[in-house]
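Scroll down for the structure; my scribbles are underneath it.
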Amino acid sequence: RSMSTLVTKPQQVIEHLAQSVNYTPFTANWVPCSARFAVCGVHPRGTGALQVFKMQKGKLVVQAEAEKKSGIKCATFGASFYEDRHLACGGYDGSLNVFDLERINTPVFTAQAHTSIVNCIDGCGGLNIGFGAPEIVTGGRDGCVRVWDVRQAEPVAALEPASSSQVRDCWAVCFGNSFNDQERAVCCGYDNGDIKLLDLRMNKLLWEVNVKNGIVGMQFDRKEINMNKLVLTTLEGQVSVYDMRTFHKSEGYAGMTKKISKSTVWSANHLPQNRDVFSTAAGNGVLSVWQYEYPDSRKIKDADTGEERGVTGKLKEVCSKKVSDQPIISFDWSRDKLGLACMACLDQTVRVSIVTKLNLL
């Protein structure tokens, strides 16, 4: 029986390494082109934690660490070149700091990005992929979304609430559509289920919809191509996939939703080596890997109006495993090694896992 399971479903989640930490970790990110990853979080006394772990002889070894004056909620290498390895961090005090991992005590760039906690962050133009200038986008509790170029002290673009009485928390941001040096888009998700898609070249809101559930994670399948698919995760265990190739004037982009858990699905992360495979990290400690299957035709023409509308595909579960008793709050695939992943869990542990045989998908 077990042999038949292995033959029919070769992909498995294997826990490789685990390490306890003395703070609450909120984010884990692989350092580009290395066997290291950076973990950020908050100490019980409210100060920030930044540690760099190295995989060495079957153990996780702390290679560098620093304590910051304010907790760190989110981080990304997305706007860093390989040779720089600059980690952009969003803080509890609303600050945006960029650290060089060789000298992590002093930031190479700092700005007061928001009036209160920075909930989410993403980077684009770095990691030696894609087009355009390296930029960072932050979303905060103040309801603002701001785009930063580290060569300037002020944000280069901003999406702000119209009035202070209707401020909604921005919980998720991501870059996409950066297929040349001019085009770039930012998608934002809010605590009331709002999605807003902003074209940075035109400085124009392209799409707005509500999914009736707080959005905690979102990601385009690739940042450096024409918008293809957008995956988002919500509070009540739902995953939605939108086909971003065909826009309908009245219906917008076509999307499908699947309930995969009774708890919050904290993030969706696309496999760097295959854009149709992504992982979900849930509040019950379950890590799942999914494959998106395209429909026979991705668009159909309306018989009455002649307008084209998108058609969504299906989600197939590849494998899943409970890796923690507490929520998996952050997850990151390695760009250098297929199936290797690091994660931060709220049981105050950081973990390295391997998902096998992903090359067969």
Side-chain angles (χ1 to χ4, degrees), residues 19-31 36-53 60 62-80 86-101 103-123 136-146 148 150 155 167-173 189-191 214-217 235 264 266-267 281 283 324 326-332 342-351:
Q19 177 69 46
S20 295
V21 294
N22 62 352
Y23 55 90
T24 302
F26 281 124
T27 179
N29 300 85
W30 282 107
V31 180
R36 301 180 296 159
F37 60 93
V39 178
C40 302
V42 60
H43 286 288
R45 56 185 171 271
T47 55
L50 171 54
Q51 285 188 315
V52 180
F53 288 91
L60 287 177
V62 177
Q63 193 181 47
E65 59 184 326
E67 189 170 345
K68 305 300 176 185
K69 65 176 183 178
S70 178
I72 300 172
K73 186 68 167 62
C74 49
T76 181
F77 282 107
S80 170
H86 286 173
L87 181 66
C89 302
Y92 271 63
D93 58 356
S95 64
L96 168 63
N97 292 295
V98 180
F99 295 101
D100 183 342
L101 291 194
R103 296 175 292 276
I104 61 175
N105 290 316
T106 307
V108 295
F109 172 83
T110 186
Q112 188 61 40
H114 297 271
T115 56
S116 58
I117 187 170
V118 182
N119 288 322
C120 48
I121 194 169
D122 194 23
I136 299 163
V137 61
T138 58
R141 184 177 286 173
D142 56 7
C144 298
V145 175
R146 296 192 172 104
W148 303 85
V150 295
V167 172
R168 309 301 315 199
D169 258 26
C170 179
W171 280 353
V173 289
Y190 295 84
D191 65 344
I215 299 164
V216 292
L235 284 177
T264 299
W266 284 105
S267 66
S324 171
Q326 295 291 325
I328 305 167
I329 196 73
S330 177
F331 182 93
D332 193 32
C342 65
M343 64 193 86
C345 305
L346 290 186
D347 58 358
Q348 292 197 340
T349 59
V350 292
R351 290 179 164 86

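In this text, all values refer to a predicted model and were calculated from it rather than measured experimentally. When reading the values below, keep in mind they use all heavy atoms of this one structure, side chains included, and skip hydrogens, waters and symmetry mates.
Between the side chain of Asn119 and the backbone N or O of Gly139 there is no donor-acceptor pair closer than 3.5 Å. In this structure a side-chain-to-backbone donor-acceptor pair under 3.5 Å is missing from Asp169 to Asp191. Remark: side-chain polar atoms of Ser70 are paired, donor with acceptor, to backbone N or O of Asp93 under 3.5 angstrom. The backbone N or O of Ile328 sits nowhere less than 3.5 Å from a side-chain atom of Gln326 that would complete a donor-acceptor pair.
Across Pro327 and Trp266, no two heavy atoms sit closer than the pair CB-NE1, 3.6 Å. Closest of all the heavy-atom pairs between Trp30 and Arg36 is CE3-O, 3.1 Å. Summarising the geometry of Trp148 relative to Ala113, their closest heavy-atom pair is CZ2-CA, 3.4 Å, with the distance given to 0.1 Å. Contact detail for Gln51 and Val21: the closest heavy-atom pair is OE1-CG1, 3.8 Å. Contact between Gln19 and Phe53 at its shortest, heavy atoms only, is CG-CE2, 3.8 Å. Residue Leu101 comes nearest to Leu87 through the heavy atom pair CD2-CB, 4.3 Å, listed as atom of the first residue, atom of the second, then distance.
A distance of 11.0 Å separates CG in Asn29 from OG in Ser80, rounded to the nearest 0.5 Å. Rounding to the nearest 0.5 Å gives a distance of 6.5 Å between OG1 of Thr76 and CD1 of Ile121. Going from atom CG of Leu50 over to atom CD of Glu65 covers 9.5 Å, rounded to the nearest 0.5 Å. Atom SG of Cys74 sits about 10.0 Å away from atom CG of Asp122, to the nearest 0.5 Å. To the nearest 0.5 Å, atoms NZ (Lys68) and OG (Ser95) are separated by 10.5 Å. Annotation: the span from Lys73 atom NZ to Arg141 atom CZ amounts to 9.0 Å, rounded to 0.5 Å.
In this structure, the side chains of Gln348 and Asn22 stay at 4.5 Å or more apart for every pair of heavy atoms. Under the 4.5 Å side-chain criterion, counting only non-hydrogen atoms from C-beta, Asp332 is not in contact with Met343. Under the 4.5 Å side-chain criterion, counting only non-hydrogen atoms from C-beta, Ile72 is not in contact with Asn97. By the 4.5 Å heavy-atom criterion applied to side chains, Ser267 and Ser330 are not counted as neighbours. For the pair Val98/Ile136, a side-chain contact is recorded, criterion being any heavy-atom separation below 4.5 Å from C-beta on.
Ring geometry for Tyr92 versus Phe26: interplanar angle of 30 to 60°, hence tilted.
For Trp171, the ring-ring contact (aromatic ring centres under 6.0 Å, His included) criterion is met by no residue, not counting sequence neighbours.
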Item to complete: Step by step, work out the side chain to side chain contact (heavy atoms under 4.5 Å, CB included) result for Arg146 and Thr138.
Response: CA-CA 5 Å; Arg146 296 192 172 104; Thr138 58; 4.1 Å; yes
Item to complete: Kindly indicate, with the supporting measurements, whether the criterion side chain to side chain contact (heavy atoms under 4.5 Å, CB included) is fulfilled by Tyr23 and Val39.
Response: CA-CA 10 Å; Tyr23 55 90; Val39 178; 3.5 Å; yes
